[in-house]
> 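Sharing a structure, written as structure tokens. Questions coming.
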Amino acid sequence: MEVAASDLDNLKATELRLGLPGSDAPEKPAPASPRGSKRALLEANEEHRPGKSKSLEADSRDQEAQPVAKARVVGWPPIRSYRKNSFQARKAEVEAAGLFVKVSMDGAPYLRKIDLKLCKGYQELREALDNMFRCFSIGELSGMEGCDGPKYAITYEDKDGDWMLVGDVPWEMFISSCKRLRIMRGAEARGTRSSP
Amino acid sequence: MREERSDMSEDEDGGGGSAKSRGGGGAPPPFSDQVLENVLENVLQFLSSRGDRNAASLVCRSWYRAEAQTRRELFIGNCYAVSPRRATERFRRVRAVVLKGKPRFADFGLIPNNWGAHFHPWVCAMAAAYPWLEKICLKRMSVADGDLSLLAYSFPNFKELSLICCEGFSTAGLAVIAEKCRHLRVLDLIEDYLEDDEDEMSDWMSRFPETTTSLESLVFDCVGSAVNFEALEALVTRSPALRRLRVNHHVSVEQLRRLMALAPQLTHLGTGSFGSAAAAIPQGGNNVVDLVNTFAASKSLVCLSGFRDVAPQYLPAIYPVCANLTSLNFSFADISAEELNPVIRHCHNLQNFWVLDTVRDEGLQAVAATCKDLRELRVFPVDPTEDSEVSVSDVGLVAISEGCRKLRSILYFCQQMTNAAVVTMSKNCQDLVVFRLCIMGRHRPDHVTEEPMDEGFGAIVMNCKKLRRLSVSGLLTDKAFAYIGKYGKLVRTLSVAFAGNSDLALRYVLEGCTKLQKLEIRDSPFGDSALLAGLHHYYNMRFLWMSSCKLSVRGCNEVAQRLPHLVVEVIRDRDEDDDGEFVEKLYMYRSLAGPRTDAPPFVKIL
């Protein structure tokens, strides 16, 4: 998770625009020349294919309006459904299992959400949270300890509804029981120490 | 991996020749001729190629009869080209049948369900005519559990069943086969779609005979439901002849190891998931060591496939067998070039390799560096959409062409390609028989020069003199088809999609490709006048498929009238109304049986 992207997300989310949702140009750098030339070619080809079927016309118009979400043509590319299903089933499993939990930080005006599946361990989690709340925090969350102990503690609410300190249990166990995260600040955090 | 056996290959000689033969034998011959015929039979029984047999049967009536009596393997390339009764009346001593049904575009969802290709009338006719039948191989047929049951009860000597890309049956049907076919040697289920109700699944694995079996091949990687593992283990234990075993993804790597230990004589192995059962056993180092040892003990392995949910830490376990492998199917394994490299480096003898494009051009370069004997390569896309990331490209293609000079067959999915790369391949790989390039973006030109891909495909037909099967893609003008018509004299199967500018393109092909047998076209601007340009040739073809082109009912009607032995089917999508003049899908094929009687309402036969 890059800082730039998430900041941009915030900005874009608050920006007032006219237009249907999803009609923006994609933010990720799309390979410029193939797409550009493809559009030009589509227009050029209009003359060559005057009688193409209705569905195809709709497709090409879709393609030009929404480069991100292309209309799919039946049976193209020619991959057997047997093969497609094998991957789609797994992809769906993996994507559906994305674990988004709310993250609150004491003093912050709004909450965030983080996908625990994208972090491979506690270190990454700390870094991700650090990045996410950088604009609100004074110091770092990740393992920095001043002489009076850490200023923040990352806690989570588990399945039983108890608030636990992040870092005690193995990562896999943690993500399976974590319902939400809370970054405690100040006095409440004192007297707690995260496991290394 | 699904091997291209000679009888299933699309490139076999004399396809469907039996449909062209004359009628039955007539009155019985005089005695002296009968003696001659007996002698002839003794000679003709050695003819195995069906092309040769078809030719022999045309010599005279006597030869016709002798050939009919000695044909043991019946190949029907289109189940609607001849009626079951006619086939079983002519050929009376058949032991093995190969039957193909739906056209290939059915695999891509272009043909509505219930279109046809029912096995039922065939199994009924064969049950009566061939009680000694031993082998059945079906491709793209609709097979019901009742059909499998009839099969199991009708053929006491039944030995081999192969179902490829079939649908309509379930584990209940498999249970009957397992139980009743006591001499079963081969049960190969390849890319079938089983109808299985979650609640009503049958424990077919337990139904095999409890005695020692004669099983040589058991392939069930397409069966979606888990099988009874204890029963499978017990079956493997009592099947000493077992050489080919391909399990489905429900079999974990731990279970696989147990099976392999029981059957070290295996030559073909489909590994199932090759990952751990979810969170069942901790992924310690010991597991990998055990697995390595098991593979090391499987000294006969030449073909590996499966790897559905491959956990990369298990991959090194296959190193001991890599040097012996002639065939490796990684096309369901989401692995990177880094993960592929240490494996492929050992595979010096590899001839068939199927892989996912996740290995990228670097992965293909590694293949090219080691697999000097490669004959067949297939590169599949992990994300089969038009706008997925570029992972393999012209770079990989060139690398392969430079490293694998003996390449005969290639299927390559990619997002971008250049003419130069295709030309290079045409020059380096002179043995190419099958060239299938799928540039996934429709109408996509050469990504460097922005020109159409005409020159690349032109070079393929010009330089690869043995080419019999061609699939084209990318931006193509009529010029590409001019090349194909001019140089593709041996081409038998041609697949076209989103290509060409005008009727000329199709004309070039129909007039130039004299050996053309199977032509499938979609979304290309070809109309009636092009269709009519092929009238001289359609009786020589197995079929023509055209969808989303510019055909009208009038044009198709004219073909139907001029060629009475051609069945001309106009298929419309279920939810569309009768579109009047416009023909959305045309499927036409020569037939001795006339219009079929089992056509569903959305099929109109002209």
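All chains are named by letter (A, B, ...) in the order of the sequence lines, taking the proteins before the strands, and each is independently numbered beginning at 1.
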> Given heavy-atom pairs under 4.5 angstrom as the criterion, report whether the side chain, backbone, both or neither of B/Leu411 touches chain A.
neither

> Measure B/Phe413 against the heavy atoms of chain A and call it side chain, backbone, both or neither at under 4.5 Å.
side chain

> Taking the side chain as every heavy atom from C-beta outward, state whether A/Arg83 and B/Pro384 have any pair of such atoms under 4.5 Å apart.
no

> Working to the nearest 0.5 angstrom, can you tell me the gap between B/Thr385 OG1 and A/Lys84 NZ?
9.5 Å

> Tell me, do B/Arg522 and A/Pro78 make a side-chain contact under 4.5 Å, heavy atoms counted?
no

> Rounded to the nearest 0.5 Å, what separates atom CH2 in A/Trp76 from atom CZ in B/Phe108?
9.0 Å

> Output all residues satisfying ring-ring contact (aromatic ring centres under 6.0 Å, His included) with B/Tyr412, sequence neighbours left out; order by chain, then residue number.
none

> Does any backbone or side-chain atom of B/Thr477 lie under 4.5 Å from a heavy atom of chain A? Answer side chain, backbone, both or neither.
neither

> Side chain, backbone, both or neither: which part of B/Ser331 has a non-hydrogen atom closer than 4.5 Å to chain A?
both

> Measure the spacing between OH of A/Tyr82 and CG of B/Asp221 and express it to the nearest 0.5 Å.
4.5 Å

